[in-house]
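One structure is given below, encoded as structure tokens.
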Amino acid sequence: MLRFLLGALLALPFVGEATAQAVQPGPTLAAVRQRDVLVCGAHPGAPGFGIMDSQGVYRGLDADTCRAVAAAALGDVNKVRFIVLTSQARLPALQSGQIDLLARSTTWTHVRDTANGLNFTAVNFFDGQGFLVRRSANVERAAQLDGATVCVTSGSTSELNLADWARSHNVRIQPLIFEQNDETRNAYVAGRCDAFSTDASQLAGMRAALPNRDDHVVLNDRISKEPLAPAVRHGDDQWFDIVRWTVFALIEAEELGVTQANAEQMLQSANPAIRRLLGNAGDHGPMMGLDRRWAYNAIRAMGNYGEIYDRHFGPNTPIALPRGINELWTRGGLMYAMPIR
């Protein structure tokens with residue numbers, strides 16, 4: 001009997017790089033292709049992540065992540081539509097099918113990943129909650145905010161984290177809660193609160209947009225972990241794979257030295273990892289119902305992860321946010337792509 005079972009197992013077909021067959025589009029990919037546009041949830045205004053520029057173009061790391069997915073799934077970076085959503089509306093919009101993908105500086109948490117019917121794909125930004133304060137207040141540590149009024153946005157992890165931190169550190173905080181980040185920022189600017197608390201990267205972006213930004217400082221303290229990741233609905237593993245592996249492909253491209261400018265030239269590379277990434281070896285695109293050039297299309301359109309980061313947070317931007325833990329793992333950071341093989 002054992003010999004029979006071993007023989008049967010050995011007779012099963014092995015789906016390897018050379019033999020994988022293209023799969024049919026699942027419900028989300030089919031809908032996106034029929035519509036011929038990818039619909040993404042967007043932030044009302046988070047510098048660095050998603051905000052309208054003076055020409056009415058939505059720009060930021062999250063915006064470019066959506067465009068990269070559009071390039072991978074549809075072959076055209078311009079086939080994307082952004083729907084602006086408040087913190088409270090973003091998860092229901094994804095659950096109900098109003099959007100195909102939520103890439104809106106959303107923290108990956110247990111409840112969101114399980115009870116809300118969502119799947120988080122891959123972290124595209126590691127963050128932590130901090131505090132923006134006026135330099136004139138001479139506050140250097142978060143613990144010095146005892147008795148302070150702190151502006152915070154509702155429907156976000158920031159509100160819950162602030163309460164947990166204050167309770168666990170025995171710090172008296174008076175939260176002033178608003179529905180949208182713009183309202184929260186305006187209240188802080190108007191002097192209605194002593195500090196503004198949200199993800200430190202967003203605070204850096206908001207500070208950069210203030211006319212007197214040198215009068216404000218983001219404290220070094222971080223009171224939470226905020227792994228930000230694009231999210232999709234439960235129940236469509238193919239679409240989950242497409243979004244997850246597009247993010248991984250952008251990170252892998254940076255590690256391998258594949259850029260927006262040299263992607264076409266790299267098609268001639270003999271490096272096995274680059275050949276798999278760009279679709280010259282294996283059937284990695286067809287395994288997800290995509291073209292073999294899925295990752296090439298995304299990289300050629302948007303650049304690799306480092307290029308996207310530098311475009312919106314780099315030293316030549318008003319935010320000028322050091323990469324820190326968002327650096328590649330080979331340079332001491334946490335950005336690590338699963339192998340495409």
Side-chain angles (χ1 to χ4, degrees), residues 43 45-51 53 58-69 103-108 120-132 157-158 197-210 213-214 216-230 243-263 273-274 277 295 298-299 301-340:
H43 202 290
F49 290 98
I51 192 168
D53 67 11
Y58 195 66
R59 299 194 184 278
L61 182 142
D62 286 337
D64 284 356
T65 299
C66 283
R67 291 187 175 98
V69 174
R104 186 200 172 282
S105 58
T106 300
T107 302
W108 184 347
F120 287 83
T121 54
V123 176
N124 68 345
F125 199 97
F126 290 95
D127 212 342
Q129 187 169 335
F131 296 91
L132 179 67
T157 54
S158 301
S197 187
T198 188
D199 295 352
S201 59
Q202 290 194 42
L203 294 176
M206 293 173 187
R207 174 185 175 273
L210 295 176
R213 63 182 182 180
D214 290 338
H216 305 266
V217 61
V218 179
L219 300 182
N220 289 327
D221 290 332
R222 301 292 178 266
I223 67 172
S224 72
K225 295 181 293 184
E226 305 295 326
L228 309 180
V243 177
R244 164 182 271 187
W245 285 98
T246 299
V247 175
F248 284 157
L250 299 176
I251 299 169
E252 180 84 341
E254 181 182 10
E255 183 176 342
L256 294 173
V258 181
T259 68
Q260 186 175 30
N262 72 13
I274 293 176
L277 174 69
I299 298 160
M302 303 312 305
N304 63 39
Y305 178 80
E307 291 178 287
I308 294 172
Y309 185 99
D310 285 346
R311 188 153 59 237
H312 304 295
F313 295 102
N316 295 323
T317 69
I319 299 176
L321 188 67
R323 282 187 65 172
I325 57 176
N326 290 297
E327 186 58 271
L328 291 178
W329 68 285
T330 53
R331 301 173 191 153
L334 297 179
M335 280 297 164
Y336 184 109
M338 303 305 109
I340 298 175

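Note that these values count all heavy atoms, side chains included, but never hydrogens, waters or copies made by symmetry.
- Rounding to the nearest 0.5 angstrom, the gap separating the CG atom in Asp127 from the CG atom in Leu203 is 8.5 Å.
- Using a 4.0 Å cut-off between charged side-chain N and carboxylate O, Arg222 and Asp199 make no salt bridge.
- Ring planes of Phe120 and Trp108: parallel class, angle under 30° (limits at 30 and 60°).
- The number of heavy-atom neighbours closer than 6.0 Å to CG of Asn220, taken from other residues, nucleotides and ligands shown, is 12 or below.
- Leu277 CG to Trp245 CH2: the interatomic distance, rounded to the nearest 0.5 Å, is 11.0 Å.
- Here the side chain of Ser197 pairs a donor or acceptor atom with the backbone of Gly130 at under 3.5 angstrom.
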Practice task
May I have the step-by-step check of side chain to side chain contact (heavy atoms under 4.5 Å, CB included) for His43 and Tyr58, ending in yes or no?
Solution key: CA-CA 10 Å; His43 202 290; Tyr58 195 66; 3.5 Å; yes

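- Counting all heavy atoms, side chain and backbone alike, Pro230 lies closest to Thr65 at CG-CG2, 4.0 Å.
- Taking a cutoff of 4.0 Å between a charged side-chain nitrogen and a carboxylate oxygen, Asp62 and Arg104 do not qualify as a salt bridge.
- Remark: side-chain polar atoms of Arg207 are paired, donor with acceptor, to backbone N or O of Arg213 under 3.5 angstrom.
- Within the 4.5 Å cutoff, no side-chain heavy atoms of Phe131 are placed close to those of Val218.
- Between Ile51 and Gly45, the shortest heavy-atom distance links the atoms CG1-CA, 4.1 Å.
- Looking at every heavy atom in both residues, Pro227 comes nearest to Val123 through CB-CG2, 3.9 Å.
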Practice task
Check the pair Gln202 / Phe49 against side chain to side chain contact (heavy atoms under 4.5 Å, CB included), numbers first and verdict last.
Solution key: CA-CA 8 Å; Gln202 290 194 42; Phe49 290 98; 4.1 Å; yes

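- Contact detail for Phe125 and Phe313: the closest heavy-atom pair is CE1-CE1, 3.9 Å.
- Residues Glu307 and Met302 have side chains not in contact (no heavy-atom distance under 4.5 Å, counting atoms from C-beta outward).
- Summarising the geometry of Ile299 relative to Ala263, their closest heavy-atom pair is CG2-CB, 4.4 Å, with the distance given to 0.1 Å.
- How far CD of Glu226 is from OG of Ser158: 6.0 Å, rounded to the nearest 0.5 Å.
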Practice task
Take Thr157 and Ser224, measure what side chain to side chain contact (heavy atoms under 4.5 Å, CB included) needs, and give me the verdict at the end.
Solution key: CA-CA 9 Å; Thr157 54; Ser224 72; over 6 Å; no

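- Remark: the Thr198 side chain and the Gln129 side chain contain no N/O donor-acceptor pair separated by less than 3.5 Å.
- Looking at heavy atoms from C-beta onward, Tyr305 lies in side-chain contact with Leu61 at the 4.5 angstrom threshold.
- Put simply, CD on Glu252 and CE on Met335 are 13.5 Å apart, with the number rounded to the nearest 0.5 Å.
- Leu228 has its side chain within reach of Asn124: a pair of non-hydrogen atoms, C-beta onward, lies under 4.5 Å apart.
- By the 4.0 Å N-to-carboxylate-O rule, Arg331 lies too far from Glu255 to be salt-bridged with it.
- For Phe126 against Leu334, the heavy-atom pair with the smallest separation is CE1-CB, 3.7 Å.
- Between the side chains of Thr259 and Asn304, not a single donor N or O lies within less than 3.5 Å of an accepting N or O.
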Practice task
Go through the steps for Glu254 and Leu250 under the test side chain to side chain contact (heavy atoms under 4.5 Å, CB included), then give the verdict.
Solution key: CA-CA 7 Å; Glu254 181 182 10; Leu250 299 176; over 6 Å; no

